Amino acid sequence: MSESPLTRSGGLGPALVPGGAARPSVIQLVFREKGALYAAYIPLLTDGGLFVPTTREYRLGDDIYLLLSLPDDPQRFPVAGKVAWITPANASGGRTQGVGVRFPNDEKSRQVKLKIEEALGTSISSAKPTQTL
């Protein structure tokens with residue numbers, strides 16, 4: 001049995017915590033291949049971002065906490081992002097249902113963006129279609 005180039009395991013989604021505030025979802029994203037990372041990376045967002053395949057309901061601006069693993073890198077990178085766009089179920093063109101997660105404007109996220117762009121190298125400017133904007 002072959003492994004998927006992208007593995008996603010999610011927490012229970014936004015849960016209410018005392019006081020009625022929603023706790024962010026925790027989603028673990030494991031990119032085993034550069035092609036899967038290329039398809040999910042969103043270079044158009046100033047601070048970077050990733051497409052997260054999910055059937056869970058989200059709204060624009062919802063907080064999502066990503067635990068990100070990149071190809072050929074044993075380190076896991078935590079990113080506290082926000083939903084920047086939503087691809088609904090049955091989207092045109094057979095697009096995968098999920099959300100675009102915008103990275104925050106902070107130093108840790110800048111380092112993650114650089115790591116992703118370093119891993120993708122010249123393929124980042126490819127015209128090959130992606131799951132993103």
Side-chain angles (χ1 to χ4, degrees):
M1 184 167 121
S2 67
E3 289 187 349
S4 168
L6 166 67
T7 304
R8 184 195 70 76
S9 61
L12 298 175
L16 290 181
V17 294
R23 186 176 64 216
S25 294
V26 177
I27 297 176
Q28 184 171 306
L29 280 177
V30 179
F31 291 96
R32 300 188 193 294
E33 298 175 0
K34 289 181 184 176
L37 181 59
Y38 169 81
Y41 182 57
I42 312 167
L44 293 176
L45 297 176
T46 303
D47 299 308
L50 289 167
F51 175 78
V52 178
T54 182
T55 57
R56 183 169 300 284
E57 296 278 327
Y58 286 99
R59 292 182 304 218
L60 292 176
D62 281 354
D63 292 325
I64 295 184
Y65 190 79
L66 300 177
L67 288 173
L68 179 62
S69 296
L70 301 175
D72 305 320
D73 191 331
Q75 186 175 352
R76 287 192 342 176
F77 301 95
V79 177
K82 290 196 178 287
V83 174
W85 98 81
I86 299 167
T87 302
N90 304 314
S92 64
R95 296 176 65 96
T96 303
Q97 181 178 357
V99 294
V101 177
R102 176 176 36 94
F103 294 172
N105 182 3
D106 63 24
E107 187 54 36
K108 283 167 84 174
S109 296
R110 276 189 281 285
Q111 293 303 316
V112 172
K113 180 181 178 186
L114 286 173
K115 283 264 191 197
I116 291 170
E117 291 179 351
E118 187 177 282
L120 292 176
T122 57
S123 68
I124 201 166
S125 59
S126 169
K128 185 176 166 187
T130 69
Q131 298 179 46
T132 67
L133 302 170

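None of these values were measured; they are calculated from a predicted model.
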Quick one: closest heavy-atom pair of [X] and [Y], and the distance?
{"X": "I86", "Y": "Y58", "value": "CD1-O, 3.2 Å"}
{"X": "P104", "Y": "D47", "value": "O-CB, 3.8 Å"}
{"X": "T96", "Y": "F51", "value": "O-CZ, 3.2 Å"}
{"X": "R59", "Y": "D62", "value": "N-OD2, 2.8 Å"}

*Q97: what forms a side-chain contact (heavy atoms from CB on, under 4.5 Å) with it, not counting sequence neighbours?*
T55, A89
*With sequence neighbours excluded, tell me which residues meet side-chain contact (heavy atoms from CB on, under 4.5 Å) with A80.*
Y65
Partner residues of [X] under the side-chain hydrogen bond (donor to acceptor under 3.5 Å, both in side chains) criterion, sequence neighbours left out:
{"X": "N105", "answer": "R110"}
{"X": "K113", "answer": "none"}
{"X": "D106", "answer": "S109"}

*Transitively linked via ILVMFWY side-chain contacts under 4.5 Å: L114 with L66?*
no
_Modelled atom types, side-chain donor and acceptor of E117 and Y41, under 3.5 Å_ = yes
*Pairwise distance CG(L67) to CZ(R76) - rounded to 0.5 angstrom*: 5.0 Å
*asked:* If I take atom CG from residue L120 and atom CG from residue L37, how far apart are they, to the nearest 0.5 angstrom?
replied: 4.5 Å
Compare all side-chain heavy atoms of [X] with those of [Y] and state whether any distance is below 4.5 angstrom.
{"X": "I42", "Y": "V101", "answer": "no"}
{"X": "I64", "Y": "V52", "answer": "no"}
{"X": "F103", "Y": "I116", "answer": "yes"}
{"X": "P71", "Y": "E33", "answer": "no"}

*Sequence neighbours left out, what passes salt bridge (Lys or Arg N to Asp or Glu O under 4.0 Å) with K115? Give chain and number order.*
D73
